Each structure stands twice: as C-alpha cells, then as structure tokens.
Protein chains: 2
Amino acid sequence: MELRQLKYFLKAKELLNFTEAASALYISQSTLSQQIKQLEDELQVPLFNRIGKRITLTEAGELFSVYAQQSVNKASDGLQLLKDLNKLETGKIAIGVTYALRHVVTKALILFSSEYPKIQFEIIFGTSQELIQKLNHFQLDVILTFEEIASEAHFKYLELFTSPMALVTSSETSLKNKKTISLEEISTLPLAMPAGGFSTTQFISKAFEKNNLHPNVTIEINDIPTLLELIKTGKWHTILTKTTIEDEKDLYAIPIKGENMTRTAMLISLKEVYEKKAVKAFLKMLVENLK
Amino acid sequence: MELRQLKYFLKAKELLNFTEAASALYISQSTLSQQIKQLEDELQVPLFNRIGKRITLTEAGELFSVYAQQSVNKASDGLQLLKDLNKLETGKIAIGVTYALRHVVTKALILFSSEYPKIQFEIIFGTSQELIQKLNHFQLDVILTFEEIASEAHFKYLELFTSPMALVTSSETSLKNKKTISLEEISTLPLAMPAGGFSTTQFISKAFEKNNLHPNVTIEINDIPTLLELIKTGKWHTILTKTTIEDEKDLYAIPIKGENMTRTAMLISLKEVYEKKAVKAFLKMLVENLK
DNA sequence: TTTCTAAATCGGTTTTGTCGATTGATTATA
DNA sequence: TATAATCAATCGACAAAACCGATTTAGAAA
C-alpha cells in the first residue's frame, strides 16, 4: 500500500470511471487498472464492484476510502507544514468568494501580496453551495460568504461584519432622497435579480413571500458584473447586500426597512485540517483591514 | 512521498541510527540512506542533522514526523478495518498485562478463543511503565493494569474492579485466623517484595514511609511466579493486590487495614485510533466475565 | 597515530510502475 | 438486429526506481 495507490483509488472513487480518473491523474487507464487491482489484492477485498463496464464502490471501498483520504491528507498536511516553515517563501492560498464580498478580498489581496509577493493565490467566485462543495473536496482553504442556515459540525466559522440588504439603483435616480425603502415600495419597481442559485436571491424572495408581495422581476441573471451594468442604465433596480456595491460609484444603495434585513459575512474553513501559515497570515490581514 | 519512505523515516527517527534502522526494516543501510535523502529532496528540507557521524532530528523532522506517523496510522487503520469486516476471521490482538491481573486475561482468553479460534493473540507481561511505552508506540492494542497517578489525555480509561492490598503468606501460616492486618504488624515480618519497577511496590513503600515504618525487606525480585514460589515455603511474606493470587491454592491473603489500601484495575487504550473489532469483542467478553 | 564505526556514494541488478495495443464485454445507436 | 462506441482488463515491452554489496569518507574512540 502506497500513497500513490491511495490517491489513484480516491480519484477513481470520485469519478467512478477508470478512464476519466486515469486521464485526470495523467496516467494511462492500463496503469490505473493495474494499480487498483494490486491494492485490492493486498487488501484482500475488492474496492469496486464491476457491474458490466460500470463500476461502483463496494462497502469495503466506501469504508476504506475514509482512511485512505485521511492518510493522504495527513501526508500533504505534513508537506504543507514544512513549506510554511520556510517563512512564507512558498505556498498557495485558495479562496472561495461570493461576488458580493469581492472588494473585501481584493483589498486584502493587494495589501498581502506587497508584503509576501511569493505566495500564490487562487480566487474562486461562485455561489455558496458551489464553494462549500469545493471546500469539502479540499479544493479551497477558506471561503468568504454570507451565513448559511445549516451550520455544519466539521466547519469553523468566523463572523466578519453585517451588511444591510439594500435596493440598488443608478446614481441618477428619483429615489435618491430616500433614506430607507420598504418591500412594498420595491414590489412596484422593475427588478433585475441575480439567478436563483445565489443565496441573496433566495433570502430576499422568502422575505417577499412572507409579506405576501409579488415583486416585478423582469430579468434573472447569473453574472453580477453584467447585472450591475444593467442597473446603471437606470431601467431596472435590484436587491443586494449594501457591501456588494461598495466600490461602484455609479450605483446607489437604499437600505430596506424591516427586521432581519441584514446579512452576516463570514469566513468558513474546515476543522481538523492543518491551517497553512500563509492562510492564517492572510486572514489576519483581511480581518484587521476591515476595521 | 510514499508510505514506504514515511515508514523508513519513522524507524530512523525512532532509533536515530541508520544502520540499525535499516536492519530493523530488513533493508540495506545504503537503501535507507538513499530513500531518506530522496524524501528530504522532495520536501526541500533536511529531516536529520548530520552531526559528524551521529544523526539527530531537525525541527522540520520533528514537526513532520507527527504527520508522517498519522498518515501511516490512518493507512494501517484502514487496512485493519477491512480485516475486521471479514467477520473476525482474521486479526491479531496485542494485550499488555501486569502480572497481578494475569487470571483476568487468561479466563477471558480461553473463553474468547473457543468462539473465535482464528484470532491471534500476543500477551505481553511487564511493568506499567513498560506497557504504557509500548502502547504509545502502537505495539499494543490495550493494556490491563492498575490505575496510574498521571492520567494522560490521549488515553481512554475503563475501570474494571477494585482489589484490596493484602499480606500474602503460605496457607500454613500462623496468621490464618486474622481477618485484617496492620502495616505496623507487617513491618515486623520478613518480607520478599517485587522489585522497584512494579507499581504495587512503589505504592506500598510510599504507604510505609507515610507511617514512618521501616519494613523488613530481605528479598527483592522482578519475577512474580518465582516470588510466589518463595512465599509458599513459608519463610517469607509479601504484599500484593489480593487479585494477584486468585488462582493460587497454596497462598493466603490477609487484607491490610487502613484507607486507600485498595487498587483499581483498569483497561487503557489509545484515543483516536481505530479500535479493532476483535479487540472490542474481546474486551466486551472480558468485562462481562467479571460479573 | 591507528582503529573502529556509521553515513554517503558508486555501479550493477532486480523489481515494479508505466505505456500502447489489444481483447472482451456492455451499452448506445442506426 | 446489427453496428458502433465505450470501458475495464490483459499482455508484452520498456523505463524508472528500489535495492544491494562494495567502497569511500569522515568523525569518534583507543
């Protein structure tokens, strides 16, 4: 049993397809087949069921995969530890962000990179669900998003700040004199909204439902920059957290009246995984930069 | 980085001597040197300091060894899990026992083996310290001993029963009419005692000290069966937990007066290590057999 | 100094991981 | 129903690497 074989096995488990797994591992399908077989021989139990040309995990494979993953993780944690030891001269930080919190990351990123220019970054934008899935697959070190309803036991949470939900309009708006606005008033306006996958959209549509209101949504779109372009024309309005347009000069945000009309930004990471020194330093800088 | 290399590294760390480590691993010293070097190259940091012809761990090696050990453990836990899955048809149980609790293990062993004849056993007798060291090196699954003063965080403890400290004499003794006996009376008798390494001896000599008594110890010996042979001659007495001579017909135990003159037998095992199904079954049978 | 010991290094052998091509068997398609 | 496409297993050949014994290097002991 070698780490190489465990990695092969885990990739095959993930994709449930030897050909694709082999390709993802940059080895031939023949090699993967042989190595899996060799592992099974050593363990004296099949890890995959071969049903025709399809494969599924056996019970043994399912149980074993937990330990295989942990073994692989511990080894890579050890490797990471040594890299960190090297005074942040190396290392990679993978962060997932919901678009609304874009400016929080970019500000910290610029600051951090000037102090530690050798640290690599991978910034992934996506919906909360997408990011959480990636976090669970060890593809991200940390994600920055709004609070989730279901808090999971294997996650660490750190609250950052709260931001009010707001009606977002063009700067040349007739609503400019308003300090706040009600959901009722909003339901009379033409709206362009982020698509259903975005947690903010889910959040706000529940609020409308509760108050028996039917908003006038004429556009749904899954790209926020494009959405903002549309809003700037003045023909539509949208609803976002205020923090989303922090750096947008041509847009104007009017907080929405009512309780629970705020969202909490938080950092989410995995418990019981070695936290990279570079990530720790970056998050520290990020948090301090908020003040 | 492969598990093979991690195992090599850990053995070298343990012995701090490449030649001996290689021999323990049944490989040549040349191979070990090369594999360690290769690992160091990959990690881009030396794991050992080469001070002359002596080696010591570097800080990096010290830190890395924790993860290396965990990685190796997780893999072998996974392997063990699969063996267990095989309905206790295979597997090995390694138990450490202090001699005093010999009969507890032997009784359970006989019972268990008739139900699961294919399970292998390794029974190691030793002092508490020796056994605990072996437990920490993953050479034992569980140990059966009396309570330790310092309870460690990475151990699981399960209390079994208490047994009084007792003066042990030959069955043909003039003391036979006594129901209990005081430390003072004992200090007048000729004693043969287990050697200083045994926790019972440490326990009882502290009790004598507290009461300003000086026992008349004429023999110290580090083998309990031999000690018992001597006691049977009637020329000496000794002090042991009553349970030690449970199966000895030629010996007689008189409980010692005073508070805290009992000891608690317990099972100790490692937390956060996969518990073998066979071990679990054996311990269950052992505990139920006490009732 | 000489002797001894332990790690590093060198060259050669064996093992094993890998590949491409092929086979056999199942699923999808015309 | 026949045909094409797909996927895992297998085979033989090759290259990589793990391994060994012998030798070198150098610190420690006598």
Side-chain angles (χ1 to χ4, degrees), chain A residues 1-62 64-65 68 71-72 75-76 79, chain B residues 1-62 64-65 68 71-72 75-76 79:
Chain A
M1 184 170 19
E2 294 297 342
L3 286 174
R4 174 176 32 78
Q5 295 171 314
L6 298 183
K7 288 172 190 165
Y8 291 177
F9 163 61
L10 289 169
K11 182 58 79 176
K13 182 213 157 183
E14 187 188 333
L15 300 178
L16 287 179
N17 180 318
F18 280 13
T19 307
E20 283 179 34
S23 147
L25 292 162
Y26 303 106
I27 58 173
S28 71
Q29 172 265 320
S30 147
T31 299
L32 182 63
S33 260
Q34 289 178 59
Q35 289 292 306
I36 295 284
K37 183 177 161 52
Q38 187 174 316
L39 184 58
E40 289 177 322
D41 285 350
E42 184 179 348
L43 301 176
Q44 304 201 44
V45 58
L47 298 170
F48 293 97
N49 299 302
R50 277 76 166 178
I51 314 165
K53 68 177 186 177
R54 191 161 294 167
I55 57 172
T56 61
L57 269 188
T58 60
E59 188 198 359
E62 192 68 60
F64 182 71
S65 71
S71 179
V72 170
S76 73
L79 181 62
Chain B
M1 182 168 22
E2 294 297 341
L3 286 174
R4 174 175 34 75
Q5 296 171 315
L6 297 183
K7 288 172 190 165
Y8 291 176
F9 163 61
L10 289 169
K11 181 57 81 177
K13 182 214 157 183
E14 185 187 335
L15 300 178
L16 286 177
N17 179 318
F18 281 12
T19 308
E20 284 179 32
S23 147
L25 292 163
Y26 303 105
I27 59 173
S28 71
Q29 172 265 321
S30 145
T31 299
L32 183 63
S33 261
Q34 290 177 55
Q35 288 294 304
I36 295 285
K37 184 176 160 52
Q38 187 176 316
L39 184 58
E40 290 176 322
D41 285 350
E42 184 178 348
L43 301 176
Q44 304 201 46
V45 58
L47 298 170
F48 292 98
N49 299 303
R50 277 76 167 178
I51 314 168
K53 65 180 188 179
R54 191 162 294 165
I55 56 171
T56 61
L57 269 188
T58 60
E59 188 197 358
E62 192 69 61
F64 182 70
S65 71
S71 178
V72 170
S76 72
L79 181 62

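Within every chain, numbering begins at 1; the chains are lettered A, B, ... in the order of the sequence lines, protein sequences first and strands thereafter. Just so it is clear, the model here is predicted, and its values are computed rather than measured.
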Is there a donor N/O on one and an acceptor N/O on the other, under 3.5 Å, for the side chain of A:S30 and the base of C:dG20? yes
Interatomic distance, B:E20 CD vs C:dA6 P [rounded to whole Å]: 7 Å
Measure the distance from CD on A:Q5 to P on C:dT16 and round it to the nearest whole Å. 11 Å
B:E14 bridged to B:K11 by N-O distance under 4.0 Å: yes
From the list C:dT9, D:dA18, C:dG20, which nucleotide is the closest neighbour of the side chain of B:Q35? D:dA18
How is B:Y8 classified with respect to the nucleic acid when contacts are heavy atoms under 4.0 Å: base, sugar-phosphate, or nothing? sugar-phosphate
Under 4.0 Å: is that the gap between some side-chain N or O of A:N17 and OP1 or OP2 of D:dA8? yes
At under 4.0 Å between heavy atoms, what does B:Y26 touch on the DNA or RNA strands: base, sugar-phosphate, or nothing? sugar-phosphate
Consider the side chain of B:T19, meaning its heavy atoms from C-beta on, and name the nucleotide among D:dA8, D:dA17, C:dA6 that approaches it most closely. C:dA6
Give the rounded distance in Å between these two atoms: CZ of A:R4 and C1' of D:dA18. 12 Å
Counting only side-chain nitrogens and oxygens, does B:T31 get under 4.0 Å of the OP1 or OP2 atom of D:dC20? yes
Think A:R50 has a side-chain N or O under 4.0 angstrom from the OP1 or OP2 of D:dA9? yes
Nearest to side-chain heavy atoms of A:S33, which nucleotide of C:dA28, C:dA8, D:dT10: D:dT10
Measure up the B:F9 and B:F64 rings against each other and bin them: parallel (under 30°), tilted (30 to 60°), perpendicular (over 60°). tilted
Given C:dT9, D:dA17, C:dA28, identify the nucleotide with an atom nearest to the side chain of B:Q38. D:dA17
Any donor-acceptor pair under 3.5 Å between the side chain of B:Q29 and the base of C:dA8? yes
Give A:Q34 one of three labels, base, sugar-phosphate or nothing, depending on what nucleic acid heavy atoms sit under 4.0 Å from its own. base
Within the structure shown, what part of the strands sits under 4.0 Å from A:I27 by heavy-atom distance: base, sugar-phosphate, or nothing? sugar-phosphate
